[in-house]
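Side chains are part of it too, since the values below use all heavy atoms of this structure and drop only hydrogens, waters and symmetry mates. First the proteins, then the strands, lettered A, B, ... as listed; each starts at 1.
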Amino acid sequence: MPGDESLPPYLASLNPEQLAAVRHEGRPLLILAGAGSGKTRVITTKIAWLVRERGYDPESILAVTFTNKAAREMRDRAASLEPACARAVIRTFHSFGAWFLRRNAAAAGLDSNFTIYDDDDQATLLHGALPQYARNECSRIVQSIARAKDFGLEPDSPDLSRAFSDPAMRRVYAIYEERLRATGNVDFGDLIRLPAKLLSGDEAIRRRTRQRFRVILVDEYQDSNVAQFELLRLLAGAGAPGEGGDRLPVPPAYVCVVGDDDQSIYRFRGAEVKNILSFPELFPGTEIVRLERNYRSYQSILDVAGDVVSHNEGRLGKELRAERRGGRPPRLSLLEDQDEETRFCARICEERVKAGGKWGDVAILYRTNAQSLSFEKEFPRRGIPYRIVGALRFYDREEVKDLLAYLALLLNGKDEVAFKRVVNKPSRGIGETSVEALCAAALDPELGHGGDLLSASAAEADNLRGRAKSGLREFLSVVKGLRAALGLIAAPGAEAAASTRAGDEPAPPDASTSASPDGATRAPASAQPEDALRDSPPLDARDRKKAGMKPQGEGSLGDVVERLARDSGLLEYHRGQDEVAGTQKAANVDELVNAATLYPRSAEGLAEFLETIELDRSLTAEESTADAVTLITMHNTKGLEFPVVVATGIEQGLFPRDDDEGEELEEQRRLFYVAITRAKDELHLTACRWRRIHGRLFETLPSRFLKEIAPDKLEFAGAGAGGQGRAGGSGLAAQGGQLSSAGRLGGRQGAHPGGGAGGYPGGGAGAGAARRPGGPAGKAAEASPWRAGQAVYHEDYGSGVIIKVQPTPNSGPLVVVRFETGKQAQFFPKFSTKLEPLRG
DNA sequence: AGTGCAACTCTTTTT
DNA sequence: GAGTTGCACT
């Protein structure tokens, strides 16, 4: 639109494409927003514009993102443009799903106080149902089940093979589902799948929902999976070729999705790039706006990013142009090993600060979390403050999870996973046998406990022996006291706290909702009122803190958690552990108590507290504002930017992995693209010649991605081993040539055992020879029987074939063998007597 | 039932 | 290297 009118200030600074995206309305809109193109600004401004200029009720606007952080930022920024936007529903996909299910719990067959199982809980649940599968097998199966749910597949879906290769898994999936439904809880996949099921199966809910949400915005759309697409389609009431065309008297909602196909990096979690690639076909009449002006990086950095991603096929096509011309080319440093890489990174941080910058200007990026370790060791030594994003999660700690499990059990006595976790914690003499008996009793239809383990425990306690019996009684009395404190059951000798369930319909006198002999009541399974969806969304902990909210009245949830820590004996137990092991467990317990003080002391407060934690597990105690270097995985950097970025470990075998090919390889390339485009001013890339993986040393080559960059767009810094300086400072093109040949080798590493060092321009003959006792690499390689493709025989496993060979510094080659049985194993032929090569 | 030791698997990436 | 599992012993 031409600037022929005077724009209100909040629109005036937008560029023409951004303005067009903001002021678009009507048909579906796809905004292709390149990295750093002001995407969040466009979405938030668009929300404000719809409310202000187009008269939309903020509550009729639904905006979904993929991370809690993005949702928070979007909420804050929209509200700062237009205060009424605070009433819009701006959430992550999963948090929206939870919100929706709580309001339609009965129809979905759930407890309204359901909790959300993480992958660990899922594995525990499955292991309980099918003990013949080992615990770690259960973890893997459960991952596949999650994947199936991402694809929107049910146990009886015909194309379930998309998630499982083993047909026996169909039954396992079905059993898992049955067991999960018995707990009344959900897993992450359910948060998407169940709302979609409700919407497609229940016309009243569908109508109500569509009447409410007239605008649907999706951020990071390239990361959506099949189930999320389904949900979007049902919410919108459009884009359904065929079946979605129901006869509701509600026109389709206005749908606007924003994304960047080049930044799709969650395929492993079920994300479908196809969703964004084919959006225009799935939502007929779609209009596309491209945001290609990058306000973040120098052109020199974008050039590199562009080179890399141009090697992918199947893109919508987009070229980022920097508003900041020029800049120094990114620098590639080929280093000897991880220690040198660590020191290299430290030096970059130190130099930045010496030059007047801040620690916080620098981010160190890596592919896997394990790589953070060497930085964590070295940085404190050198006095470099750092912050690790994503790892070391507070809520994953043993002691914290124990307390959370107790809390979940208070809300829902059918929570088998929580029950098993805490019934004997600290040790009360209740062994596995007793626990299994109690679970069986709870699920036995004849006994009528309806899966409620607390009720079953109370009834069965007498059938246990000695210590188990008294221990269980003890446990039950702790639980009972806490339930009373929450107002879930009438407190003995106190005023009926049950009536303080604020804001909810009064609990019906329906006898079926009251099961436990100790008087525990389950949440009422009553129908939801028509306008249930009118509730404004609950605030999360950060919002609460910011608003200085403290629960009024009769104390906070913190009191309950504190009492739980004391009564259960866990606090005392952990104090003891801390003394023995020098840990901080008791302090973590305090921390959790502290977090809970922001919530009211009620069943609702507790459910909200748990949900916040379950959905935002990255939440650290306090977003520290201290100036510190950021240590972060490449995945976690999406949406962030830093003046200085060091992307480490750009090595073949690590990034990409040797077995990455096809779609997966393209995804890794996109991940590299994301990493590169985080840098505003300065970008460094590092690759080590020796890399320690699983505590073992491997010789590596620079990543094949590096040779995809035109040599003149990178600056090369040599190996610099022992501070010897750069390798051949002249002729970048020549070095690029060497690198290219390295890349070729890298792609076929298995066929060139011991020949890896050729990729390192700075390596020099001396250093290389010293590390290869066998003399010239080529010769040694030809003499060796350990080559990929070689047939072998193993005393225990039979015959197989070598699929990969990795040189190591001291142990000779490491060979990976796939046996005819399908088993895969690695050996050091130097040490193993059981493996021998077969003559072809 | 709980402890201690040896062996084994695993690694991407996260809502 | 780490975390977990399985087994034997107390």
Using the six-membered ring wherever Trp is involved, compare the ring planes of A/Tyr366 and A/Phe375 and label them parallel, tilted or perpendicular (cut-offs 30° and 60°). parallel
With under 30° as parallel and over 60° as perpendicular, where do the rings of A/Phe655 and A/Phe705 fit, or are they tilted in between? perpendicular
How close or far is atom [atom2] of [N] from atom [atom1] of [X], stated in whole angstroms?
| X | N | atom1 | atom2 | answer |
| --- | --- | --- | --- | --- |
| A/Gln122 | B/dT15 | CD | P | 15 Å |
| A/Glu666 | B/dT13 | CD | P | 22 Å |
| A/Arg193 | B/dT15 | CZ | C1' | 16 Å |
| A/Tyr133 | C/dT5 | OH | P | 18 Å |
| A/Arg140 | C/dG3 | CZ | C1' | 16 Å |
| A/Asp187 | B/dT14 | CG | C1' | 14 Å |
| A/Asp120 | C/dT4 | CG | P | 9 Å |
| A/Arg135 | B/dA7 | CZ | P | 24 Å |

The side chain of [X] is closest to which nucleotide in this list: [options]?
| X | options | result |
| --- | --- | --- |
| A/Arg657 | B/dT15, B/dT13, B/dT11 | B/dT11 |
| A/Asn424 | B/dT14, B/dG2, B/dT15 | B/dG2 |
| A/Asn136 | B/dT13, B/dT9, B/dT15 | B/dT9 |
| A/Thr92 | B/dT13, B/dG2, B/dT15 | B/dT15 |

Provide the distance between the two C1' atoms, one in B/dT11 and one in C/dG6, to the nearest whole Å. 22 Å
Please report the distance separating the C1' of C/dT4 from the corresponding atom of B/dT13, rounded so that it comes out in whole Å. 22 Å
Establish, for the pair A/Arg102 and A/Phe114, whether the NZ or CZ atom is under 6.0 angstrom from the six-membered ring centre and no further than 45 degrees off its axis. yes
Between the base of B/dT15 and the ring of A/Phe93 - centre-to-centre under 5.5 Å, planes within under 30° - is that a stack? no
A/Phe66 aromatic ring stacked with six-membered ring of B/dT15, 5.5 Å and 30°: no
Comparing nearest nucleotides in DNA chain B, the 5'-proximal residue of the pair A/Ser427, A/Leu615 is A/Ser427
A/Ala305 versus A/Tyr673, closest heavy-atom pair with distance: O-CD1, 3.5 Å
Have a look at A/Tyr266 and say if it touches a base, only the backbone sugar-phosphate, or nothing, with a 4.0 Å heavy-atom cut-off. sugar-phosphate
Which is true for A/Glu220 with a 4.0 Å heavy-atom rule: it touches a base, it touches only sugar-phosphate, or it touches nothing? nothing
Is A/Glu154 salt-bridged to A/Lys197, going by a charged N under 4.0 Å from an acidic O? yes
According to a strict under-4.0 Å criterion, is A/Thr67 in side-chain N/O contact with OP1 or OP2 of B/dT14? no
Taking only side-chain nitrogens and oxygens of A/Asn636, does any of them come within less than 4.0 Å of OP1 or OP2 of B/dT14? yes
How about A/His127 and A/Tyr133: are their ring centres within less than 6.0 Å of each other? no
